[in-house]
Amino acid sequence: MKEERALNNSGFDIGIYTLADIGPAPHTGKEISAGQRLKEIIEAAKLADEAGLDVFGVGEHHRLDYAVSAPPVVLAAIAQVTKQIKLTSATTVLSTVDPVRLFEDFATLDLLSNGRAEIIAGRGAFVESFPLFGYNVNDYDDLFEENIELFLKLNNHENITWTGRFRPALRHAEIAPRPAQKQLPLWVGVGGTPESAERAGRLGTRLALAILGGDPIRFKPLVDIYRRAGIASGHNVNDLNIGVTGHAYIAETTQQAREEFYPYYSNYWGYVNSQRGMSTRMSRADFEQMSSPDSALFVGSSQQIIEKVMHQYELFGHQRFMAQMDIGGMPFNKVAKNIERLATEVAPVLRREISK
């Protein structure tokens, strides 16, 4: 995987992301340390960069069963061992982070990486950050709305005067440093809420769809809402970029992929549901249904992954696909093999087909 990086002229980004979960391995029950998890994440980013993938994302959680609470710190470490891959949060919990601190952290990352920093902002699937940082979960939506509007102002202006509800006012505040890029690319992560899609379009941010299962056609109305809101607010439709994120596992055959991935995927959902106070476990029949050809779960041969991404491209006309692979206690050698397959067997075909 040390070969020359292929140039992507298709306008379609392909990458991977991690939430850095630390779960017991399904076959042994053992967990790796947070330090080892971080080392493996940095190594995965190096492999993805060397293999020619376009983007690498790191998620944010504030729990002992996840290794990353500070994505810009981890991404800064990755920036020093990579050359071209874009570096993004996946996602930043925007409701409970100070927008000024967020901008300054990622502007610094952008300078360190020579203009490769991006942010995917979301409201988060967990709520532990609210009491941790002194926020009321009942202000969930209002915090997000205020923080994203402030961030967009920070992204546009070096000096700002601003007043809001949830943080101290700014009076002719200098916002430093400025990023290497003219502006930090901001995506809004949406899991299925029309209001979130409409907001992203209205504000002119990019849209990242988290499609983890079911028929992807159910997300088509969100894409339509997003584009309509963006155009109605005066934004150029060509700037309304869309990304799709989802769970993935690639093997030589689809049956092999299902056999190998099921223990890790069922394990992952087992402890994620437990974290949320639910006892639901995934049966093999459930998994087979979720990984069927018509579903959004990217499990199969390279050809099946290509077909699923192309089907979604026909639905959404999106500009980015990002896969989450390292879940459920999966050993690093399997993660590395998946990165290689995505980069060498899937990505070239997708870029060629989409650029036609």
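Because only heavy atoms are used, hydrogens play no part in the values below, and waters and symmetry mates are left out as well, while side chains stay in. Note that the coordinates shown come from a computational prediction; the quantities given were computed from them, not determined experimentally.
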Note to self: Please report whether the ring centroid of His247 lies less than 6.0 Å from that of Tyr268.
What the structure shows: yes

Item checked: More than 12 heavy atoms from other groups under 6.0 Å of CD on Glu252 -> no

Note to self: Membership question, hydrophobic clusters at under 4.5 Å side-chain separation (ILVMFWY): are Leu109 and Val81 in the same one?
What the structure shows: yes

Note to self: For Arg116, is there an ion pair with Asp49 - N to carboxylate O distance below 4.0 angstrom?
What the structure shows: no

Margin query: With rounding to the nearest 0.5 angstrom, report the CE to NZ distance, Met322 to Lys86.
Written below: 10.5 Å

Notebook entry, point to check: If two hydrophobic side chains count as joined below 4.5 Å and joins carry through other members, does Phe106 share a cluster with Leu111?
Noted result: no

Note to self: Between Ile175 and His157, does the side chain to side chain contact (heavy atoms under 4.5 Å, CB included) criterion hold? Intermediate values first, please.
What the structure shows: CA-CA 8 Å; Ile175 310 302; His157 303 288; over 6 Å; no

Next item on the list: Compute the centroid of each ring, for Phe321 and then for Phe298, and state whether the two points are separated by less than 6.0 Å.
Entry: yes

Margin query: Assess whether a salt bridge exists between Glu145 and Arg202, defined as any Lys/Arg side-chain N lying under 4.0 Å from an Asp/Glu carboxylate O.
Written below: yes

Check: Where the side chain of Thr254 meets the backbone of Ser301, is there a donor-acceptor pair that is under 3.5 Å apart?
Finding: yes

Notebook entry, point to check: Sub-3.5 Å donor-acceptor pair from the side chain of Glu60 to the main-chain atoms of Val93, do we have one?
Noted result: yes

Note to self: If we ignore hydrogens and angles and just use 3.5 Å, is the side chain of Asn147 paired with the main-chain N or O of Pro99 as donor and acceptor?
What the structure shows: no

Check: Just how far is it from atom OG1 of Thr82 to atom CZ of Phe56, taken to the nearest 0.5 Å?
Finding: 9.5 Å

Check: Judged by atom type as modelled, is there a donor-acceptor pair below 3.5 Å linking the side chain of Gln324 to the main-chain atoms of Thr18?
Finding: no

Checklist line | Separation between OH of Tyr17 and CG of Asp326, rounded to the nearest 0.5 Å | finding: 9.5 Å

Notebook entry, point to check: When rounded to the nearest 0.5 angstrom, what distance separates CG in Leu209 from CZ in Arg320?
Noted result: 12.5 Å

Next item on the list: Let me see the working for Arg341 and Ile305 under side chain to side chain contact (heavy atoms under 4.5 Å, CB included), right down to the final yes or no.
Entry: CA-CA 10 Å; Arg341 287 189 185 279; Ile305 303 306; over 6 Å; no

Note to self: Rounded at 0.5 Å granularity, tell me how far CD1 in Ile16 sits from CD1 in Ile339.
What the structure shows: 3.5 Å

Next item on the list: Could you tell me whether a side-chain N or O of Thr161 sits under 3.5 Å from a main-chain N or O of His172, the two making a donor and an acceptor?
Entry: yes

Check: Do any N or O atoms from the side chain of Arg37 and from the backbone of Asp21 form a donor-acceptor pair under 3.5 angstrom?
Finding: yes

Margin query: If we count only N and O atoms by modelled type, under 3.5 Å, do the side chains of Arg63 and Ser129 hold a donor and an acceptor together?
Written below: no

Margin query: Same cluster or not: Ile354 versus Val55, using hydrophobic residues (I, L, V, M, F, W, Y) connected whenever any side-chain heavy atoms lie under 4.5 Å apart?
Written below: yes

Check: Has Arg123 got its NZ or CZ under 6.0 Å from the middle of the six-membered ring of Tyr140, at an angle within 45 degrees of the ring axis?
Finding: no

Item checked: Gap between atom CG of Asn155 and atom CG of Leu184 - 0.5 Å precision -> 5.0 Å

Item checked: Among Leu38, Leu75, Leu19, the one residue meeting side-chain contact (heavy atoms from CB on, under 4.5 Å) with Val68 -> Leu38

Next item on the list: State plainly whether the residues Lys39 and Glu43 are in salt-bridge range, i.e. N to O under 4.0 Å.
Entry: no

